[in-house]
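What follows is a set of notes on a single structure, which appears directly below.
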Amino acid sequence: MNGYEKTYETMRLRLADRDLSAAATALGLSAPIDGVLNLDFLGRQWRVDRLGVTQVGGNAASVNCKTVIVYYLTHGGGGFPQYDFVFLKSFASGLFDGSDGVTSAERGRLTDYARFVAIARRLNAEFLRETANGSHTWLFYAFPKVPVQLTFIEGDDEFPAQTQIKFDVTATTFLPFETLAVLNGLISGELAGKDI
């Protein structure tokens, strides 16, 4: 068992004592039916009960996806998003010198806008705007109270195409920073075409 699996096994124990109905109401999810909470996460369907998280259909579920779902249900955040978006490093209070949310499309990642659109639609994202400099911005919800802004910036002769991932300023109200960083990685994987 690797470290990610151990984390999930520890986290899933929180579900045994969690009132899923109250959590669903507070977090904008549909009420559980017969103790089972169904939700959409990264364009896939998930089932949550007191024993853990499973992906409905498809491949075996990524353990990191399952852990992020448990954190969302048990972290205890409240309130509503402000729709003011920032890069992941903005949440770190100077302790994290990591990615600014920009992913170079030259490193085998997303290179054309049509592919980006296909991925955005699979994530149930909605188009927001396009600017004259070739920037295309979409909005999707990782969870009902965790909106994420995805931007594709077209490349030119000097700069390769890029994608940006930004989170609402309230994101750490609903997920601890470390879990938000994992979510950022999962979204980056989606944009790179990796199966989660």
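Following chains of ILVMFWY side-chain contacts shorter than 4.5 Å, one cannot reach L150 starting from Y141, and the two form parts of different hydrophobic clusters. Under the 4.5 Å side-chain heavy-atom criterion for ILVMFWY residues, a single connected hydrophobic cluster contains both Y4 and I187. Hydrophobic clustering of Ile, Leu, Val, Met, Phe, Trp and Tyr side chains at less than 4.5 Å, counting indirect connections, unites L15 with W46. If you chain together hydrophobic residues whose side chains sit under 4.5 Å apart, I165 and V117 fall into the same group.
Using a distance-only test at 3.5 Å, with no hydrogens or angles considered, no donor-acceptor pair links the side chain of R121 to the main chain of I119. Under a 3.5 Å cut-off, the side chain of S188 and the backbone N or O of N184 do form a donor-acceptor pair. Within the 3.5 Å criterion, the main-chain N or O of L73 finds a donor-acceptor partner in the side chain of R18. The backbone N or O of A16 sits less than 3.5 Å from a side-chain atom of R50, completing a donor-acceptor pair. In this structure a side-chain-to-backbone donor-acceptor pair under 3.5 Å is missing from S90 to V86. Side chain of D168 to backbone of D84: a donor-acceptor contact under 3.5 angstrom is found.
Other residues, nucleotides and ligands contribute over 12 non-hydrogen atoms within 6.0 Å of the CZ atom of F127. Around the CD atom of E126, the shell of radius 6.0 Å holds no more than 12 heavy atoms that belong to other residues, nucleotides or ligands. Counted within 6.0 Å of OH on Y83, heavy atoms from surrounding residues, nucleotides or ligands total more than 12; the atom is thus considered enclosed.
Note that the CG atom of L20 and the CG atom of L27 stand 10.5 Å from one another [nearest 0.5 Å]. In this structure, CE on M11 lies 3.5 Å from CZ on R14, to the nearest 0.5 angstrom. Atom CG in L183 sits 5.0 Å away from atom CZ in F41 (nearest 0.5 Å). Rounding to the nearest 0.5 Å gives a distance of 10.0 Å between CG of L42 and CD of Q55.
Among V53, V48, V56, the one residue that satisfies the side-chain contact (heavy atoms from CB on, under 4.5 Å) test with L39 is V48.
With hydrogens and angles left out, the side-chain atoms of T131 and N133 include a donor and acceptor closer than 3.5 Å. Side chains of T151 and S135: a donor-acceptor N/O pair is absent below 3.5 angstrom, by distance only. Residues Q45 and D40 bring a donor and an acceptor atom of their side chains to less than 3.5 Å of each other.
For the pair K145 and F174, the cation-pi criterion (under 6.0 Å, within 45° of the ring axis) is not fulfilled.
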Determine, step by step, whether Y113 and F152 satisfy the ring-ring contact (aromatic ring centres under 6.0 Å, His included) criterion, reporting the C-alpha distance in whole Å, the side-chain angles of both residues, the deciding distance to 0.1 Å, and the verdict. CA-CA 7 Å; Y113 183 57; F152 182 88; 5.6 Å; yes

Does the side chain to side chain contact (heavy atoms under 4.5 Å, CB included) test come out yes or no for F116 and L191, once each step is laid out? CA-CA 7 Å; F116 175 88; L191 295 175; 4.2 Å; yes

Is there a side chain to side chain contact (heavy atoms under 4.5 Å, CB included) between F143 and V68 once you walk through the steps? CA-CA 10 Å; F143 296 106; V68 170; 3.7 Å; yes

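At least one side-chain heavy atom of Y8 sits less than 4.5 Å from a side-chain heavy atom of V70.
Taking all atoms of both residues into account, the shortest heavy-atom contact from H75 to T172 is NE2-O, 3.8 Å.
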